[in-house]
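The first residue in the sequence is number 1, and the count goes up from there.
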Amino acid sequence: MRLFTKGLLLIAIPSLFEVGLLGLVYSTYRDSEIAGDWAAHSKQVLSETSGVLEPMLEQAVRIREAVLGQDPAAIDDGALWTELDRRVDRLSDLVADNPPQVERAAKIRQTIQQFRQWASQARGILESGQHDALVAHFTEPGGSALVDQFRTELDAFQHEELRLDEARSRAVNQARQRQRGLLISAVLGSIFVAGVAMYLFIRDFRGRLLVLADNARRLADNTPLPPPIDGDDEVARLDGILHYTSRRLSAADRARNLAKRDLEQRALQLDQANEHLRQQTADNEMFIYSVSHDLRSPLVNLQGFSRELERACDVLRDQMQGFDLPLDERERIEQLVDEEIAESLHYLQTAVMHSADIIDALLTLSRAGRADYRPEWIDLNMLVQRVAAGYQTRLEALDARLVVHPLPSVDADPEALEKVLTGLIDHALESVERGRAPRIEIGVRELEANRERSGHQDSKPAPVTLYVADNGRGIPAAQLARVFATFYRPQGSGEGVALALARRIIEKHGGRLWVESTEGTGSTFYMTLPALPAVSSAVTAVVEAAA
């Protein structure tokens, strides 16, 4: 049962009891009101009874006065009797619901009529002047007897009304006492019933709330919960939610523990893989370093022998001047020495120099992984200007335009970062598209966002994203994944280690280097480095060179 329904029952049960008691109270009130009305009715009947007695006595007195004064006109033969009849009629109407009293009222009316006839006879005798007849009429017991009879009948009527009035007054008092008793009983009974209902409701509800609170504490302490609370009210639903949450938390804990163990295993595997990779990288760098040094000796020998061959050819050419050889043989030997051998030696020396350059690049790449960089706060604007100054002649030759936007100060090794910028600018110049004026742009991306982040009081400086963009041939999408591989030459020139070296240097600084390119439009290389929030210059520096 829902709490709302229980609350309604808690209100309805005392209310029904109170309604029943109020019904009884109203019934006793109606009884008291009716008894009061009857008591007031009795008082009115008694009052009307007194009103009947007074005209009758007044008429008897007038008759005596008329006889003594010999004045027949003193006897009222009209209005007084009419008033007396009216009062008797009203008295009869008041006791119409009481047959014995109605009968007594009829007797009173009859006695009044008889007394009226006797009075009319006395007036007639008095008007006729028959003194003896008048004395005889008064000496007869008729007049006084009728008055006594009227009084007796009226007293009996009044006595009955007094009895009824007393009984009705007792009934009023009893009704009022019952009313007070029922009111007190209603108040006490309502309090009792409400208290019992409240006690039963609170005892059940409080116990369930205590269980719910204990389950909530158990859930907070991550301890098992007892069986769910019985019922379908809100408390039982809340307890069901707590049990559901407990089951979900238990499942989440199990999943978290499994994920933690799996993560620990994967972290261990990753550490092992990183250690293996580090060892393999170190071995590769050592191998490259050793091979580079080992290859230098044969190259030096090849270069030395090629020069010896050049000098031998020169000696042979000089010796041939002293030999008397046929013209065709001389020409044949001179062609062999001056053209074929010289061309072969030229190609040999070129190959040696190219191999030496590759070996130097490999040595540089191997040193980049083992070098100890010394980062410091450097102003990129000054560094880029210094790098751009070295490209002035080349930029003028290509009619290229180098645009440098305001740059921040970064935390990096100056020489290493200069190599990175040089490699990226070399790549941009090597990717020049025919028929298009070369344009290289160096700037920082999302400077405002980095400035807001650096405004917080953090010990670690906020990273900044630099970019080097060009409008060259671009890199095909299929080759983007191999751009930073060793010996990969996206533009078909160079030794193929400049971009790989740049990425290794940036990663050694804790940053990242990547490229976004569209074939036929150009490429943009991005790198992240720790930077100060302030920009060194507020004015864009533009380096332009015209051919």
Separation between [atom1] of [X] and [atom2] of [Y], rounded to the nearest 0.5 Å:
X      : Y      : atom1 : atom2 : result
Tyr467 : Thr528 : OH    : OG1   : 16.0 Å
Leu263 : Leu268 : CG    : CG    : 11.0 Å
Asp379 : Gln385 : CG    : CD    : 8.0 Å
Ile440 : His427 : CD1   : NE2   : 11.0 Å
Leu398 : Tyr391 : CG    : OH    : 11.5 Å
Leu380 : Leu421 : CG    : CG    : 7.0 Å

Any residue meeting side-chain hydrogen bond (donor to acceptor under 3.5 Å, both in side chains) with [X], in chain and number order, not counting sequence neighbours:
X      : answer
Arg386 : none
Arg436 : none
Arg254 : none
Glu275 : Arg278

State whether the side chain of [X] and the backbone N or O of [Y] hold a donor-acceptor pair below 3.5 Å, judged by distance alone.
X      : Y      : value
Ser517 : Gly522 : yes
Arg401 : Pro438 : no
Asp470 : Ser523 : yes

Which heavy atom of [X] sits nearest to which heavy atom of [Y], and what is that distance?
X      : Y      : value
Ile378 : Ala412 : CD1-O, 4.2 Å
Ala388 : Leu402 : CB-CD2, 3.4 Å
Pro375 : Asp411 : CB-OD1, 3.4 Å

Compute whether any side-chain donor of one residue and acceptor of the other, for Gln269 and Gln265, lie under 3.5 angstrom apart.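 No, because no side-chain N or O of Gln269 sits under 3.5 Å from a partner of the opposite role on Gln265.
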CA sep, side-chain torsions, deciding dist, call: Val464, Leu407, side chain to side chain contact (heavy atoms under 4.5 Å, CB included): CA-CA 10 Å; Val464 67; Leu407 299 173; over 6 Å; no
Salt bridge Asp221-Arg218, side-chain N to carboxylate O under 4.0 Å: no
Run the numbers on Arg439 and Val403 for side chain to side chain contact (heavy atoms under 4.5 Å, CB included), then give the verdict. CA-CA 8 Å; Arg439 186 179 188 275; Val403 180; 3.7 Å; yes
Partner residues of [X] under the side-chain contact (heavy atoms from CB on, under 4.5 Å) criterion, sequence neighbours left out:
X      : value
Thr518 : Thr521
Arg217 : Ala213, Asp214
Glu415 : Asp413

List for me each residue that meets salt bridge (Lys or Arg N to Asp or Glu O under 4.0 Å) alongside [X], sequence neighbours excluded, and say none if there are none.
X      : result
Arg247 : none
Asp426 : Arg394
Asp262 : Arg266

Contacts of His509 that satisfy ring pair (Phe, Tyr, Trp, His ring centres under 6.0 Å) - sequence neighbours left out: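 Partners of His509 under the ring pair (Phe, Tyr, Trp, His ring centres under 6.0 Å) test: Tyr373.
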Contacts of type ring pair (Phe, Tyr, Trp, His ring centres under 6.0 Å), residue Tyr526, not counting sequence neighbours: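 Scan of Tyr526 (ring pair (Phe, Tyr, Trp, His ring centres under 6.0 Å), adjacent residues dropped) gives Trp514.
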Passes side chain to side chain contact (heavy atoms under 4.5 Å, CB included), Met527 versus Val420? Steps please. CA-CA 10 Å; Met527 69 185 84; Val420 173; 3.9 Å; yes
Any side-chain heavy-atom pair from [X] and [Y] closer than 4.5 angstrom?
X      : Y      : value
Glu418 : Leu383 : yes
Leu529 : Leu466 : yes
Leu417 : Ile505 : no

Run the side chain to side chain contact (heavy atoms under 4.5 Å, CB included) test on Leu513 and Leu499 for me, step by step, so that the C-alpha distance in whole Å, both residues' side-chain angles and the decisive distance to 0.1 Å come before the verdict. CA-CA 9 Å; Leu513 177 65; Leu499 296 181; over 6 Å; no
Step by step, would you call Arg374 with Glu376 a salt bridge (Lys or Arg N to Asp or Glu O under 4.0 Å)? CA-CA 7 Å; Arg374 296 181 180 181; Glu376 61 183 59; over 6 Å; no
Within 45° of the axis and under 6.0 Å from the centre of the six-membered ring of Phe484, does NZ or CZ of Arg503 qualify?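 Yes.
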